[in-house]
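A short write-up of the structure that comes next.
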Amino acid sequence: MSLQVNLRHLEEHGIHLEGELPAAELDLGVNDELIRAEQPLRYDLSVELLHDAVLVTGSLALPLDCECGRCLKKFKTELKLSGWAAHLPLEGEDKVPVDNDCVDLTPFVREDILLNFPQHPLCKPDCAGLKPKGRARKVEAAEKPAAAVWAELDKLKIK
Ligand SMILES: [Zn+2]
């Protein structure tokens with residue numbers, strides 16, 4: 001169930017591919033605790049045959065289950081490539097492998113998904129994270145000994 005295009009089907013006119021690519025087929029090989037891509041990638045693509053290449057244009061969307069890098073909150077997001085395009089040469093040095101008249105689009109999809117993969121997922125762009133709380137606690141902790149010292153001084157004064 002990988003994402004294949006049969007060149008013979010393209011000879012007369014372009015085709016439209018729409019569907020889902022299971023995470024196992026996409027096989028991103030990403031081992032990130034904060035970002036999990038376990039749901040299928042949705043694709044909506046137009047494929048046409050140029051005289052020496054295949055042109056694929058359309059959109060890719062991959063749902064991601066993330067954990068915010070700052071506040072550790074779990075959230076869902078989607079990696080969307082709405083104007084995705086791949087130009088796959090059929091001749092020359094960079095020509096793509098053709099197997100039984102079929103070109104597998106999966107490696108090209110995988111490559112661009114990885115290039116656009118979020119590096120530091122945040123639940124929202126301005127997430128303040130856990131830091132302010134941590135700082136507040138430290139301030140409190142610092143105040144207590146100071147207060148205790150003043151209390152000791154007060155006692156001394158009384159004496
Ligand atoms: Zn957050």
Side-chain angles (χ1 to χ4, degrees), residues 1-6 10 14-48 50 53-89 93-99 102-154:
M1 230 188 103
S2 58
L3 187 46
Q4 304 249 352
V5 173
N6 189 321
L10 288 173
I15 56 168
H16 186 232
L17 292 175
E18 203 180 331
E20 293 189 334
L21 186 64
E25 284 288 342
L26 185 60
D27 191 21
L28 287 173
V30 174
N31 192 10
D32 193 320
E33 281 182 18
L34 296 181
I35 311 168
R36 281 175 295 120
E38 289 162 350
Q39 297 170 65
L41 169 117
R42 295 193 312 277
Y43 56 86
D44 187 342
L45 304 169
S46 296
V47 189
E48 42 185 316
L50 308 179
V54 175
L55 181 67
V56 189
T57 52
S59 64
L60 304 172
L62 180 68
L64 298 173
D65 290 298
C66 300
E67 206 171 288
C68 177
R70 286 188 195 155
C71 71
L72 304 180
K73 193 167 89 181
K74 286 185 173 26
F75 67 100
K76 288 179 191 297
T77 185
E78 202 167 58
L79 201 177
K80 261 190 203 159
L81 302 181
S82 48
W84 188 65
H87 181 268
L88 313 174
E93 277 183 24
D94 300 326
K95 69 178 178 186
V96 295
V98 178
D99 187 16
C102 288
V103 173
D104 189 0
L105 300 180
T106 315
F108 309 102
V109 169
R110 180 185 300 128
E111 192 181 322
D112 282 337
I113 288 289
L114 284 173
L115 280 175
N116 289 280
F117 215 68
Q119 298 299 309
H120 304 286
L122 294 177
C123 62
K124 55 188 181 198
D126 59 344
C127 171
L130 296 167
K131 278 180 188 166
K133 257 189 188 171
R135 226 180 273 144
R137 262 186 228 130
K138 267 180 203 162
V139 170
E140 272 169 35
E143 270 169 4
K144 270 173 200 164
V149 168
W150 283 114
E152 290 300 314
L153 288 173
D154 284 344

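Whatever order the structure lists them in is the order used to number ligands and atoms, beginning at 1.
Take the Zn ion (ligand 1) and draw a sphere of radius 2.8 Å; the protein N/O/S atoms inside it number 4.
When each of Leu55, Val56, Leu88 is checked for a side chain to side chain contact (heavy atoms under 4.5 Å, CB included) with Val47, only Val56 meets the rule.
For CD of Glu38, the number of neighbouring non-hydrogen atoms (other residues, nucleotides, ligands) closer than 6.0 Å is greater than 12.
A salt bridge does not link Arg110 with Glu25: every distance from a Lys NZ or Arg NE/NH1/NH2 to an Asp or Glu carboxylate oxygen is 4.0 Å or more.
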- Message: For Gln39 and Asp65: C-alpha separation, side-chain torsions, deciding distance, then whether side chain to side chain donor-acceptor pair (under 3.5 Å) applies.
- Response: CA-CA 9 Å; Gln39 297 170 65; Asp65 290 298; 3.1 Å; yes
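A donor-acceptor pair under 3.5 Å is absent between the side-chain atoms of Arg70 and the main chain of Ala128, judged by distance alone.
Note that CZ of Arg42 and CG of Leu21 are 12.5 Å apart. Values are rounded to the nearest 0.5 Å.
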